[in-house]
Amino acid sequence: MTYQEKKSIVSLISAILIFVSYCLYMYPRFPGGGLESIEAFRYWGSFVLFLTLFSIIAHIIITIIFNIVFRLTTKEKEPTFADELDRLIELKAHRNSFFVFLIGFLIAMGSLVILQPSHMMFIILITSGFISDVIGSVTKLYHYRRGV
Amino acid sequence: MGKNLVGNHIRKLRFNHDEMTQQQLADKVGVTRQTIVALEKGNYSPSLELAFRIAHTFNLPLEEIFYYGENTKQ
């Protein structure tokens, strides 16, 4: 298995672990009281903001650890640049990822139209963000293994 | 995903050029080893620029390295 395939798998697993662990951490902190209260909106705002920061930092740390382990186990250096195949696969991954997030965004807006509570909209948005991240990693893995 | 219609003789040419490794060819044409692997497996059709760089490396015209569809010339 090549560096890029391994990296895609690590990225996929880390995305799932980061999201699940963050949700488990934040779930008990959901404020009581009215679902439409200022506190509830503050909660969802901080949920998205800190999830973004947390996942960026965690991804950087995991990538560094992965590169160290890769060097130690294979005695090879990881590629230091992205060539035309990498860029093409990256583009396809971004396309699929954005498409999934767009669908999620439209469903989230639709939930408001059919008078669902606002927290439903936030849950759909956050879930679609997570699924789009997973789809991006799966797309990369698929194309690195099966070709473009 | 189906195989690409553009095939190549890169593996054979590497062997005929002092058993050049995939990494050596990758370094010469400015791509990663993964891309050479994908090319040899027929999983990727290179850009015209990369195809020319590979042709220059082997000092051969494009059509002696790449072919379209079924290979009839061995």
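The structure displayed is predicted, hence computed values, not measured ones. The sequence lines fix the lettering, A, B, ..., with proteins before strands; numbering per chain opens at 1. For the numbers below, each heavy atom of this structure counts, side chains included, while hydrogens, waters and symmetry mates do not.
Counting only residues at least two apart or on different chains, the salt bridge (charged side-chain N to carboxylate O under 4.0 Å, His left out) pairs with a member in residues 44-61 of chain B are B:Glu49-B:Arg53. Among residues at least two apart or in separate chains, salt bridge (charged side-chain N to carboxylate O under 4.0 Å, His left out) pairs with a member in residues 52-75 of chain A are A:Arg71-A:Glu78.
When the heavy atoms of residues 100-107 of chain A are compared with those of chain B, none of the residues falls under 4.5 Å.
Here A:Tyr3 and A:Phe66 bring their ring centres to under 6.0 angstrom of each other.
More than 12 heavy atoms of other shown residues, nucleotides or ligands fall within 6.0 angstrom of atom CZ in A:Arg95.
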Could you pull out every donor-acceptor pair under 3.5 Å between side chains of residues 120-132 of chain A and any protein atom, sequence neighbours left out?
{"from": "A:Thr127", "atom 1": "OG1", "to": "A:Ile123", "atom 2": "O", "distance (Å)": "2.6"}
{"from": "A:Ser128", "atom 1": "OG", "to": "A:Ile124", "atom 2": "O", "distance (Å)": "3.1"}
{"from": "A:Ser128", "atom 1": "OG", "to": "A:Leu125", "atom 2": "O", "distance (Å)": "2.9"}
{"from": "A:Ser132", "atom 1": "OG", "to": "A:Ser128", "atom 2": "O", "distance (Å)": "3.3"}
{"from": "A:Ser132", "atom 1": "OG", "to": "A:Gly129", "atom 2": "O", "distance (Å)": "2.8"}

Pair B:Gln23-A:Glu76, side-chain hydrogen bond (donor to acceptor under 3.5 Å, both in side chains): steps then yes or no: CA-CA 11 Å; B:Gln23 187 62 59; A:Glu76 269 183 56; over 6 Å; no
